[in-house]
2 protein chains.
Amino acid sequence: MKKIISKLNKAFDNKVRLGIMSMLMVNEWVDFKTLKEMLDLTDGRLASHIKSLEENKFIQVKKEFVGRKPLTSYSATVEGKKAFKDHLDGLEALLNIQH
Amino acid sequence: MKKIISKLNKAFDNKVRLGIMSMLMVNEWVDFKTLKEMLDLTDGRLASHIKSLEENKFIQVKKEFVGRKPLTSYSATVEGKKAFKDHLDGLEALLNIQH
DNA sequence: TAAAAGTACTTTGAATTACAAAGTTAATCA
DNA sequence: TGATTAACTTTGTAATTCAAAGTACTTTTA
């Protein structure tokens, strides 16, 4: 039990960050607006969670213009993918001991 | 994605509470000391998380004497089991979309 | 019989986290 | 010119988390 619990990463205990990382594991790049809509968040709330994931070096950012509009996109770093996978391993182990 | 995320319950975002509930899904009654050892916690930390789960009516308490020593045990309420199951369903759905 | 240890907490205080609401910048569209 | 879009940042408040210390009562040990 101690072993399982220790796999869980504090950076991913919040459901917004869990959702962001989940999106970025499945899609290489996801833009701000899509994340916002998929997770049903306000700008500020999304931005603050993105910031904390960036500070942990779990995601990276790309800014470009498409047509004439700015487009900010995010992707999980190698480090972020690894950390998230470890976290999911912990969750999976927890699911497995239920029943 | 919104649907998955909405299944996750704030009461279980902390890994200590995740661990406590997990123990109580698998074992009908677990005592204070065992929880403390299994989760590697200080008395105070365990007690505070237990308190929050009790306030949510997710666990119930039983106090007795065994031999001459006090023994406090906890078990998940029906409500607690349901809430935790829903949370695990959410986590499982999240695991499933990771490829 | 005095001191130490066991059981199960509670209290305090400080740090961190979370969030809503409002403000910002710079461009574009009507 | 005024509204809208895109992507934030700032502010302030509330909630959460935790370590550390304190409490109460009993039992064991020297």
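Protein chains get the first letters and strands the later ones, always in sequence-line order, with residue 1 at the start of each.
Using a 4.5 Å cut-off between side-chain heavy atoms of Ile, Leu, Val, Met, Phe, Trp and Tyr, with links allowed through other members, A:V61 and A:I50 fall into the same hydrophobic cluster. Following chains of ILVMFWY side-chain contacts shorter than 4.5 Å, one can reach A:L91 starting from B:I97, so the two form part of one hydrophobic cluster. With hydrophobic clusters built from ILVMFWY side chains whose heavy atoms lie under 4.5 angstrom apart, A:L71 does not share a cluster with A:V30.
Here A:S73 contributes atom OG and A:Q60 contributes atom CD; the two are 11.0 Å apart, rounded to the nearest 0.5 Å. Residue A:F84 holds its CZ atom at 15.0 Å from CD of A:E79, rounded to the nearest 0.5 Å. Considering CE of A:M23 and CD1 of B:I5, their distance stands at 10.0 Å, rounded to 0.5 Å. B:E92 CD to B:K85 NZ: the interatomic distance, rounded to the nearest 0.5 Å, is 12.5 Å. A:I4 CD1 to A:L94 CG: the interatomic distance, rounded to the nearest 0.5 Å, is 6.0 Å. Here CG of A:L46 is found 11.0 Å from CD of A:E37. Values are rounded to the nearest 0.5 Å.
For residues 36-49 of chain A, proximity to DNA chain C is found at A:R45, A:H49, defined as any non-hydrogen atom under 4.0 angstrom from a strand atom. Taken residue by residue, residues 6-25 of chain A places heavy atoms nearer than 4.0 Å to DNA chain D at A:K10. A heavy-atom distance below 4.0 Å to DNA chain D is reached by none of the residues of residues 52-61 of chain A. DNA chain C is contacted by no residue of residues 80-91 of chain B, taking any non-hydrogen atom closer than 4.0 Å.
The backbone N or O of B:L8 sits less than 3.5 Å from a side-chain atom of A:K15, completing a donor-acceptor pair. Judged by distance alone, the side chain of A:T72 and the main-chain N or O of A:F32 form no donor-acceptor pair under 3.5 Å.
Summarising the geometry, the separation between NZ on A:K51 and P on C:dA18 is reported as 13 Å, rounded to the nearest angstrom.
In this structure, B:P70 and A:L71 both approach DNA chain D, and ranking their closest nucleotides by distance from the 5' end singles out A:L71. Nearest-nucleotide mapping onto DNA chain C: of A:K69 and B:I50, the residue sitting toward the 5' end is B:I50.
Contact check, A:Y74 against D:dA7: no side-chain N or O comes under 4.0 Å of OP1 or OP2. Proximity of A:K63 to the phosphate of D:dC8: a side-chain N or O atom is located under 4.0 Å from OP1 or OP2.
Backbone-only contact: B:K33 has heavy atoms under 4.0 Å from sugar-phosphate atoms and none from a base.
Under the ring pair (Phe, Tyr, Trp, His ring centres under 6.0 Å) criterion, B:H87 pairs with B:F12, sequence neighbours left out. B:K82 is linked by a side chain to side chain donor-acceptor pair (under 3.5 Å) to B:D86, counting only residues two or more places apart in sequence or in another chain.
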